[in-house]
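Just so it is clear: chains get the letters A, B, ... in the order the sequence lines come, proteins before strands, and each one is counted from 1. No hydrogens, no waters, no symmetry mates; every other heavy atom, side chains included, goes into these values.
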Amino acid sequence: MSPEEPPAAEQLALIRTTARKAKPRTWRGAQLAEGLPVARVLVDKGLLHLDQFFDYAVPAAMDADAQPGVRVRVRFGARVVKGHREGGTLHDGFIVERRTESDYAGPLAPLAQVLSPEVVLTPALLTLCRQVADRYAGALADVVQLAVPPRMARAEKDASPEPLPAPAPPEPGTWSRYATGPAYLQALARGDTPRAVWLALPGPHWPAELARAVAATLASGRGALAVLPDGRSVARADAALTELLGEGRHVMLTADAGPEERYRRWLAVSRGAVRAVVGTRAAMFAPVADLGLVALWDDGDSSHAEPHAPQPHARDVLLLRAAEERTAFLLGGLTGTVEGAQLVDSGWALPLAAAREQVRAAAPLIRTVGDADQARDAAARAARLPSLAWQVTRDALARGPVLVQVPRRGYVPRLACDTCRAAARCAACAGPLELRERGGTPSCGWCGRPAADWHCQECGGFKLRAQVVGARRTAEELGRAFPRVPVRTSGRDTVLPSVGAAPALVIATPGAEPVAEGPGYAAALLLDGWALLNRPDLRAAEEALRRWAAAAALVRPAGEGGTVLVLAEPTLRPVQALVRWDPAGHAVRELAERAELRFPPVSRMASVSGPAAAVAELLALARLPPGTDQLGPVPAGPAGGERLLLRVPPGSGAALAAALKSAQVARATRGGGEPVAVRLDPTDIG
DNA sequence: AGCACGCCGACT
DNA sequence: GTCGGCGTGCTC
């Protein structure tokens with residue numbers, strides 16, 4: 001043993017006598033980095049509950065590579081035996097900071113390994129992850145896991161392409177149809193940060209319009225990020241961007257590229273080689289340099305909600321980015337959400353909508369068939385489809401394809417009186433009757449009571465009729481009725497991106513409607529009114545309108561003969577909004593109703609669920625903001641579980657999240673037994 | 001979360 | 001006398 005390398009125990013004793021904080025003490029006699037010998041590390045797994053950083057000593061050999069943002073491997077959870085450390089498992093982590101000294105009084109373990117010198121958790125991305133974690137009362141490590149894709153060494157080896165210069169500002173194109181559209185583009189192009197909630201006109205132009213907004217932002221020398229709900233819509237936006245700007249100025253971040261290619265593209269963004277991103281949910285974290293615009297398409301689509309903890313929603317993440325990174329904001333869709341309406345209502349964003357005459361020029365003719373119409377219609381009783389539907393289909397098939405929107409499988413069929421079509425209701429609680437299995441006894445969807453001896457309250461009839469169970473079969477019947485017309489189907493397993501302009505019957509479930517080439521569908525039949533509207537969901541009306549509008553927007557304008565027939569009560573609010581093509585008015589009314597009932601998003605909510613005792617303990621520990629309402633608890637989940645809703649007045653959402661977060665930490669620290677799930681702004685609260 | 005150390009019942 | 005119950009405390 002040479003004098004320069006004393007035994008570890010001796011070295012330890014020696015180091016321990018030195019003044020605290022003067023130099024970090026380590027457990028091995030390794031030579032440390034000179035300038036900043038301490039690395040503050042976010043350990044990927046392990047102490048998720050404590051949600052804190054840990055300091056490690058930086059060996060001199062790792063000094064150059066161990067920069068903030070790189071992936072490292074560290075030993076964690078070791079214990080001290082006779083003056084040296086034993087055990088401890090290797091964990092992945094990220095260096096978040098290099099420092100001269102540590103706050104930690106004990107001796108530091110050295111970094112085990114720098115996995116790669118690639119800086120992936122940049123300061124801006126770390127700030128975003130921290131904000132998202134706070135917003136959702138979640139752990140930073142969980143959010144970082146969502147934001148930074150797993151390492152693919154091969155993709156890291158390759159150089160990213162050279163960045164292209166900023167393009168020229170785009171022409172307004174179809175943005176001219178919106179009164180403030182060209183002005184919005186100009187503001188983006190000159191480097192401003194306009195914020196808008198955009199109600200897109202029906203028809204095929206929105207991907208190109210979104211692309212122009214991205215291009216205008218690039219023209220200002222800034223980057224842009226657009227998040228869309230699924231691979232198909234991303235592909236449309238991608239195609240529009242490629243047409244506008246050519247290749248090389250943007251990347252598409254979706255799951256179907258495969259992990260390595262996806263990481264390659266992510267790296268091109270992270271390295272600043274590419275300034276524009278279109279992608280699905282996970283792209284909301286894309287580390288676009290000098291971000292100038294965040295755009296979200298169709299924020300009512302449920303796939304914008306991340307299913308992994310802490311379940312951040314793309315809209316909220318992009319709102320956080322717009323504020324922190326001082327960017328422009330564009331929330332677009334054919335219809336709106338209450339959240340979008342609130343952004344306008346509060347004055348934070350401006351509405352970007354077309355005038356009435358533009359709407360009339362773009363929208364198809366919407367016709368309705370309600371229950372009363374169907375009851376009067378003798379032909380419908382025999383054939384399960386109103387005669388108007390046959391007529392519309394026959395006329396339209398002479399001119400082009402016809403879209404038939406049918407409910408997705410798994411919707412519980414709702415029941416109605418076969419004679420008068422009144423909805424079948426539970427005699428005890430007036431809840432809707434459901435047929436859970438074919439040929440079984442109908443039962444109440446609310447209280448669960450079986451309704452074996454049902455009779456109609458309206459007309460005394462005693463025969464029940466399934467409202468939507470026949471929709472798929474109805475579509476098949478349509479196919480048989482027009483034997484010379486090809487039938488295409490698009491649904492869960494096989495989603496067609498597009499169909500040709502020739503006459504065809506296109507059967508699709510909501511969200512899987514193919515785009516029709518050329519002028520669009522000649523007509524659409526929306527057969528799923530019941531399935532969409534009768535769900536016990538706060539968003540049922542919003543969602544019904546969203547799905548109908550998505551299908552109707554693929555139909556050619558009324559002026560070119562485009563017709564949409566929706567099988568739903570014409571008196572219902574979302575049906576009227578569709579008929580008048582007034583999604584803005586619908587969202588405003590929904591928002592007003594939510595405010596009146598003190599429902600989210602006007603009030604903010606959190607759900608707390610788990611074993612009853614654990615929920616109660618968390619609640620006792622939480623210092624909830626003033627004005628917090630407690631709703632419940634109600635039994636939820638298996639074996640005595642409970643769910644509690646907490647509601648706070650507008651403006652107290654952050655305080656609610658912070659209170660729940662510290663209560664979670666406090667409970668975990670004192671060895672708090674069974675876990676409690678905390679969710680902010682839960683989407684499924686009925 | 002793991003994974004140890006720490007003080008009280010049924011075994012050779 | 002010992003093996004082991006899981007209570008509580010720590011992890012850079």
**Q** For A:Leu108 and C:dT11, give me the distance from atom CG to atom C1', rounded to whole Å.
**A** 13 Å
**Q** Apply salt bridge (Lys or Arg N to Asp or Glu O under 4.0 Å) to the pair A:Glu543 and A:Arg546, showing each step before the final yes or no.
**A** CA-CA 5 Å; A:Glu543 181 68 359; A:Arg546 193 180 74 79; 3.1 Å; yes
**Q** Rounded to the Å, how far apart are A:His91 NE2 and C:dT11 P?
**A** 14 Å
**Q** Starting from P on B:dA1, measure out to CG on A:Asp51 and report it in whole angstrom.
**A** 13 Å
**Q** Within the structure provided, determine whether A:Leu331 and A:Leu343 are in side-chain contact (heavy-atom separation under 4.5 Å).
**A** yes
**Q** Could you state the atom-to-atom distance from CD of A:Glu101 to C1' of C:dC12 in whole Å?
**A** 15 Å
**Q** Calculate the interatomic distance between A:Gln52 atom CD and B:dA1 atom P; express it in whole Å.
**A** 15 Å
**Q** Could you tell me how far apart A:Asp142 (CG) and B:dA1 (C1') are, to the nearest whole angstrom?
**A** 12 Å
**Q** Which of these, A:Arg71, A:Arg271, A:Lys157, sits in a side chain to side chain donor-acceptor pair (under 3.5 Å) with A:Glu118?
**A** A:Arg271
**Q** Taking OH from A:Tyr56 and P from C:dT11, how many angstroms apart are they, rounded to a whole number?
**A** 11 Å
**Q** Ring-on-base stacking between A:Tyr104 and C:dC12, under 5.5 Å between centres and under 30° between planes: is it there?
**A** yes
**Q** Whole angstroms only, please: what is the CZ-P distance between A:Phe76 and B:dC3?
**A** 12 Å
**Q** Measure the acute angle between the ring planes of A:Phe76 and A:Phe54, then classify it against the limits of 30° and 60° as parallel, tilted or perpendicular.
**A** perpendicular
